[in-house]
*Asks:* 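This is the structure I have questions about; it appears just below.
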Amino acid sequence: MTAASGDVEANDVEASDLEALARRGRQLVIDSVAHSGAGHIGGPLSAMDLLVALFFRVLRIRPEEPHWPERDRFILSKGHSAIGLYAVMALRGYFPVEELATFDAGDSRLQGHPDMTRLPGLDASTGSLGQGLAVGLGIALGARLRGLGFHTFVMLGDGETQEGMVWESVQVAAKYGLGHLTAIVDCNGLQQYGWPAAPGEEGRGDRRDPLAGTRLGAALEAFGWRVLEIDGHDSHAIVEACDDARASAASARPTAILAATVKGRGVSFTEGRFEWHSRVATADEAAAARAELDLVEDRRA
Amino acid sequence: MTAASGDVEANDVEASDLEALARRGRQLVIDSVAHSGAGHIGGPLSAMDLLVALFFRVLRIRPEEPHWPERDRFILSKGHSAIGLYAVMALRGYFPVEELATFDAGDSRLQGHPDMTRLPGLDASTGSLGQGLAVGLGIALGARLRGLGFHTFVMLGDGETQEGMVWESVQVAAKYGLGHLTAIVDCNGLQQYGWPAAPGEEGRGDRRDPLAGTRLGAALEAFGWRVLEIDGHDSHAIVEACDDARASAASARPTAILAATVKGRGVSFTEGRFEWHSRVATADEAAAARAELDLVEDRRA
Amino acid sequence: MTTAMRDAWAQTLIDLAGDNPDLLVLDGDLGTSTRADRFAAAWPDRFLQMGIAEQNMVGVAAGLATLGYIPWLSSFAVFLTHRAVDPVRMLVAQTHANVKIGAAYTGLLTGFTGKTHQDVEDLAIMRAMPGMTVIAPGDATECAAAVRWATATQGPVYLRLARDAGPDLFDGSYVFEPGRVIPLRAGSDVLLVSTGPQTARCLEAAEMLATSGFSAGVLHVPCLKPVDAAAILAAARGVRLVVTVEEHTILGGVGGLVAEILTEHEPRQLVRIGIADTWGESASNAFLLDRHGLSATRVAERVARELAGVGSSAGAAS
Amino acid sequence: MTTAMRDAWAQTLIDLAGDNPDLLVLDGDLGTSTRADRFAAAWPDRFLQMGIAEQNMVGVAAGLATLGYIPWLSSFAVFLTHRAVDPVRMLVAQTHANVKIGAAYTGLLTGFTGKTHQDVEDLAIMRAMPGMTVIAPGDATECAAAVRWATATQGPVYLRLARDAGPDLFDGSYVFEPGRVIPLRAGSDVLLVSTGPQTARCLEAAEMLATSGFSAGVLHVPCLKPVDAAAILAAARGVRLVVTVEEHTILGGVGGLVAEILTEHEPRQLVRIGIADTWGESASNAFLLDRHGLSATRVAERVARELAGVGSSAGAAS
Ligand SMILES: Cc1ncc(C[n+]2csc(CCOP(=O)(O)OP(=O)(O)O)c2C)c(N)n1
Ligand SMILES: Cc1ncc(C[n+]2csc(CCOP(=O)(O)OP(=O)(O)O)c2C)c(N)n1
Ligand SMILES: [Mg+2]
Ligand SMILES: [Mg+2]
């Protein structure tokens, strides 16, 4: 599928392997958050299939050379899902899986929100929602000026698209015709607190979808973007959409991939529940998750 | 046309009178800026027909009772066009036309940008672009909570719609279904500096239209707004669109009126020229404008 | 049992809402963290969810205020004092709008969120903003009193809320008065001038200093603007050394305030303890307080060291 | 003939761009006011128009910096220190990005734009921000030197630019050094510590004071962070009274800085002249300087009054 550069072996991972990796990644998220006693669950889990596909199939990267100048760039604009990114980076070889135990701890490279000054491999520091696309835009502009051929991917939350700064970037990216900039929106139908759904109103649980009443794709198209809508848990579809985005890098239109996902995906009791935005699993819950995710051993055992 | 309340006599002004008022308003803008030695020309002139139609035909207001609780609200979000608003307010009887000579002067009520703490009749302080719609949203929400039937109009610049904060308000206004909130965008095709147009590229003079490559109406519709497109120099069309917006106040969708205008409208040498965004007319230029606007006497003479 | 300020903030608003039909709460999608969700449960029609769009939220509040409403904003402090500070300045402070800023998760102790979320500059920023009343309560009781006072008083108020519960400083008889500074402990060697939850740590430090033979007073400054400068000067007169302690940068906050007051009226030495012009990080509260010298132990150590230094010049200073 | 800082800023960037292919200028649709348009004319491919979208502009600069570019931002100060301060903090200061903030139209003298545009709090805000170098040049020559220094130096820099031309303070031999403070006039009665274009007004005030029999020194502080505190203390030692003067709020700016330095090291009285915690308005420069006590005449009057007051305690202060 993807014409990834030869030196990125992980890009040969099979689709079935991606699913296994995603299951492992989800468990690492739940365990790491339980270990540190704080963090987010819902967003990292909804984004997990996207992150695994990106890091194992799409991105042209060298985990052993994180500052490789020609690497693709990836920015997690929804920085509160940091632990999801860290889990995948660990699986991909950026650092030992064991280091996940330092998540959120003092002096750790694995800060609650991604901190590029601490962890090599991060292309931006995020945490204040709405900012990542601007940085990606700057990187994409710089790549053009430098004549570098890499692609820049930025992942946003659906709630995050309420931030005005996102729409500044949307407009300016289109004005500069940055076809080599791709936004991936994790459309998991929930944000942190959200708007309570009115009785009978469609929503996820008792919360209205952040995009209810909004046609996000139409808005992006109106601002000059290409829009692809996919199932954000279908690895094949994810890779295909990212390849499509890369293939149209010369088209002078940035691409937005709207990925339909389920918040808390992969564990029955976290799926679609806004309360799990940032809850910490009890030991029992972590064990239950492990069983559901079909994983036998606790990496901390 | 409009079912204005009986106590607003000015609403009986004829369309031809509106044109005369607008010509007079344009001259007051040019003279006031020349007198103070600073201020904006292009934006006030492009907005003049809109402002005259609003203040003389659309808005239910009482100049002699500027704090009348049930008045319609009007916010000039593109606050740098303050002198245009002041000229029309003076013509409408909020304060003597002579007071325009204090524009921009120390201790004046007529500040370079509208200051509601100084001048009764202003419903918001503006000057930092992108903010006015949020205030209008708050007023419209409050009107609903208070059970007040007035309508809230907010005028934005086309360049101003680049500000992210505008899109925060666009989204939230739709979520709250504020049909009694109307945004009027002065689409004059220029901003302050703007993006230089590439050779052969369409634009106004040597500047790309702020909305080039953008379908503003489609974006607003995607976010759940009603959109009306009109000629912003056609008084009849302006009044009709505002009436339409008011008539659909119960529709749970805010209305955006995209008014096609010419920056610097009404004076040949300012029309469509970005340089006149904030230039001061010389005495000769002011006289030339007066001749073009078919006005005989200098109000300052 | 101690209550967290955010709990007291929400409960007080719930209590006030009954008698005050104009009181509203606007949330920036953080109600589950700021406790605005409790207000929402109690008063669903008076709760306005504004989503992840803080700038708009501030403008909406300014608009509501023109109709006589008293909007309380709720978000993490940093999103109000940074992301949305432009509308706070232009639409709230410059128009003297009756908007109340409930700034949650201030200082370093923000539940492992890290440097992006740790607002350690807010007091400097809000103090520099003309027209803003700046309050940093020391405990839940004072917080509740400040909420009552702010709700009853016309004009913009910034309220700095701590995330986690700390020791109680005040009892139910407490009345908030803008500008008032509150002597919580008398002492003759050193006066610790503090604000917010750091005051409780200063009281603890004073205890520790006592066991080392130093007599430390504690002066609590719950309101940085306005502030009773004369009362600060009076409290400072009796001691050998004045020290400010704050969970905030040492540039422009309580330290800056007291430095400005002292040099204006009664110049004397000041030691400013706080975050030394650096960022925080994700870590436990204990780690962060220790790292930045703000735990009771670290404050006591530092003050003891400083006292040793000024011992000789004590006469000149008073 | 005098040059405005904005002119010097643009010309210096035009000059530097030839030898420095990484230098870029990003404009927030104000190039015709900030003079970024001149850079655009000279280097069209190195000029990036970012529109009326300041937050995005800052993020774009942070992204460009990761690729080795040196982006200079250009807008009115208030839109950088308020509208876009969140990305400045998170994306530039916290990551120590090599982004340079060209903040035009600072202080009160902003060409009749009024209170919304008059940034009289920027020094307090930027000084409180960890990791930020904060520069406020006194004339066009110093401005040009600061631009050269900032462009050549890794890390975020905030450069406070005045709109209008003022008297020249320095000649072509001037070299910018971060933190350096510059004695411009010696005096034994009073030391005026100032920054930005206010320094020239202080020199004028010192002349006026001389004709009234007062010997006034002037110390120029072009860099608020870092700053050579020892040099400020040394300059202050010889005079009866120290006065800060700034076209900025008296809370947290130069006044706050000097108050913090004095109380930390050599406590003594300080008079802080500046904008007294209030807003500006649209008016002529002369009106505004007079209204806020910042014209040379008003400064001289105030200082003379203050000197009369401290006359008796002069011995104690030195
Ligand atoms: C500017 C800003 N405002 C508020 C927050 C607090 N916050 C963190 S996550 C979150 C909800 C995000 O929702 P969404 O973007 O949908 O992410 P996901 O559902 O994937 O977790 C909020 C409000 C923040 N980090 N930044
Ligand atoms: C937040 C903000 N950024 C920049 C400016 C400076 N500014 C004033 S007017 C203007 C151009 C506005 O263009 P547009 O909205 O199209 O208004 P019009 O063409 O009607 O004058 C700019 C950039 C401002 N006032 N506020
Ligand atoms: Mg979501
Ligand atoms: Mg325009």
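We use all heavy atoms of the structure for the numbers below, so side chains are in, but hydrogens, waters and symmetry mates are not.
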*Asks:* How far apart are the closest heavy atoms of A222(B) and A219(A), and which atoms are they?
*Replies:* CB-N, 3.3 Å
*Asks:* Which N or O donor-acceptor pairs, by atom type, sit under 3.5 Å across chain A and chain B?
*Replies:*
residue	atom	partner	partner atom	Å
T161(A)	O	Q171(B)	NE2	3.0
G164(A)	N	E168(B)	OE2	2.9
E168(A)	OE2	G164(B)	N	2.8
Q171(A)	NE2	T161(B)	O	3.1
K175(A)	NZ	P210(B)	O	2.7
P210(A)	O	K175(B)	NZ	2.7
R215(A)	N	A222(B)	O	2.8
A222(A)	O	R215(B)	N	2.8

*Asks:* So, taking the atom named CZ in F223(B) and the one named CG in L211(A), what distance separates them when rounded to the nearest 0.5 Å?
*Replies:* 9.0 Å
